[in-house]
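Each remark here refers to the structure printed beneath this line.
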Number of protein chains: 2
Amino acid sequence: MSSAISERIPSAERREQILGAASLVFGERGYFGATTDQIAKAAGISQPYVVRMFGSKENLFVEVLQRALDKLMTSFQDTIDGWKADGSPAGENGAVGEHHEIGRRLGLAYVNLIEDRGILLSLMQAFGMGNDAVIGGRAREGFLAIYKMVRDQVGFSPDEARTFLAEGMLLNTLLGLKLPAEYGKDACATEIIESTFRTKLQLVLDVAGGNA
Amino acid sequence: MSSAISERIPSAERREQILGAASLVFGERGYFGATTDQIAKAAGISQPYVVRMFGSKENLFVEVLQRALDKLMTSFQDTIDGWKADGSPAGENGAVGEHHEIGRRLGLAYVNLIEDRGILLSLMQAFGMGNDAVIGGRAREGFLAIYKMVRDQVGFSPDEARTFLAEGMLLNTLLGLKLPAEYGKDACATEIIESTFRTKLQLVLDVAGGNA
DNA sequence: GTCTATAGGCGGATAGAC
DNA sequence: GTCTATCCGCCTATAGAC
């Protein structure tokens with residue numbers, strides 16, 4: 001409970017620390033519902049310092065969103081690069097079914113990323129803010145960038161890309177709802193979780209029991 | 001701007017009026033970010049009256065969520081009944097592909113429902129509130145009820161049911177982001193919107209131009 | 001059925017010290 | 001780089017009148 005001055009930390013590190021805390025708070029409470037003081041407390045610093053560091057609450061949210069999108073793009077890019085290095089689709093664009101493997105890999109990368117509930121929920125929040133000129137604009141850009149990436153770099157057809165994104169949005173919902181916590185308690189919940197997560201089952205159930 | 005007393009209205013009607021206004025405000029601002037005063041103003045009544053009528057902000061949100069889920073279940077039930085009356089899948093459960101038609105019909109019913117942005121966004125908000133004991137609980141129940149409905153009454157396999165829900169979650173995201181407003185402006189946006197909405201294209205683009 | 005008044009607490013942002 | 005103090009405004013819920 002010491003209200004002593006926090007350790008003096010390089011600003012880059014402090015930024016990352018605040019962004020992580022802000023992701024969680026914005027995610028759980030929404031952009032309007034989150035307070036800079038809650039974020040400050042979560043980061044272990046004073047409220048005015050949060051504002052000073054990011055200029056405004058809105059700007060802080062934009063940076064939280066951008067950070068999430070950057071992590072996502074980076075993770076997908078790495079996954080795609082690895083897949084290509086492994087000899088991927090044998091040159092040109094393969095026949096139907098050729099894309100199963102990369103779809104699986106990307107799905108796995110995605111689940112790993114959104115295990116971080118702050119990132120998951122901040123993205124979900126942004127997806128409902130299409131009416132906000134600045135936040136909605138960023139969110140649309142980010143979403144379309146992912147679409148473009150899987151179309152151009154993976155070679156997904158429009159249908160494949162749409163299906164891939166749809167499965168991602170379902171993952172968001174299941175985790176946002178914390179449905180994995182019902183695994184084994186409700187027949188429907190158990191079935192849809194097994195059907196959705198397959199390879200990641202154990203990991204997802206671990207998270208369901210643990211944090212937040 | 002008259003601060004005169006609102007017309008005296010039967011409580012059932014008033015309730016529905018408030019629930020509609022509350023859907024919009026909760027949807028746009030989130031549960032924590034929405035204020036009972038914003039809801040009251042949107043409904044054209046006083047703030048204390050909103051609280052008096054629903055007991056608390058939390059209870060109001062629960063009722064907003066329940067109303068959205070009820071509309072969804074009712075719409076799906078009607079759609080399924082109509083499909084069965086039309087001679088549906090020829091008795092037993094048909095082969096693969098037999099479910100295309102009912103999937104299309106349910107998708108259409110869903111898009112019609114979430115044209116109401118209040119309903120769309122309130123549901124999306126609830127999907128991120130798995131950590132809230134009461135709201136999260138209701139949201140999980142509602143989600144599982146839909147799953148159960150398409151499994152048991154339509155006869156979808158687990159895979160079909162999952163795919164169906166996933167496409168629904170993608171619709172949520174595209175509309176939440178207001179991506180249809182980018183139709184014709186951005187190649188990726190145009191492509192994913194055409195791929196996703198097909199039969200409902202014109203309707204969705206109309207909404208994109210118009211309200212909220 | 002509907003309002004006004006108001007209590008008591010929390011919100012973001014700024015000023016200025018260390 | 002980080003804090004404390006503080007302004008002014010908004011929030012939920014209650015009390016009580018009409």
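Proteins get letters first, then strands, A, B, ... in listed order; numbering begins at 1 in each. Here the structure is a predicted model, which means the values were calculated and not measured.
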For [N], does either OP1 or OP2 sit under 4.0 Å from a side-chain N or O belonging to [X]?
| X | N | value |
| --- | --- | --- |
| T35(B) | dC11(D) | yes |
| S6(B) | dC3(C) | yes |
| Y49(B) | dT2(C) | yes |

Base, sugar-phosphate, or nothing for [X], non-hydrogen atoms under 4.0 angstrom?
| X | answer |
| --- | --- |
| E7(B) | sugar-phosphate |
| A34(B) | sugar-phosphate |
| R14(B) | sugar-phosphate |

Can you tell me which nucleotide in [options] comes closest to the side chain of [X]?
| X | options | value |
| --- | --- | --- |
| S46(B) | dT14(D), dT4(C), dA13(C) | dT4(C) |
| S11(A) | dG1(D), dT12(D), dT2(D) | dG1(D) |
| Q38(B) | dA13(C), dT2(C), dC11(D) | dC11(D) |
| I9(B) | dA5(C), dT2(C), dT4(D) | dT2(C) |

Requested in this report: Verify the ring-centre separation between F156(A) and F164(A): is it less than 6.0 angstrom?
Outcome: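 That pair passes the under 6.0 Å test.
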Query raised in the report: Are F54(B) and E63(B) close enough, and set up right, to give a side-chain contact (heavy atoms from CB on, under 4.5 Å), and what steps lead you there?
Result: CA-CA 9 Å; F54(B) 290 89; E63(B) 300 220 25; 4.0 Å; yes
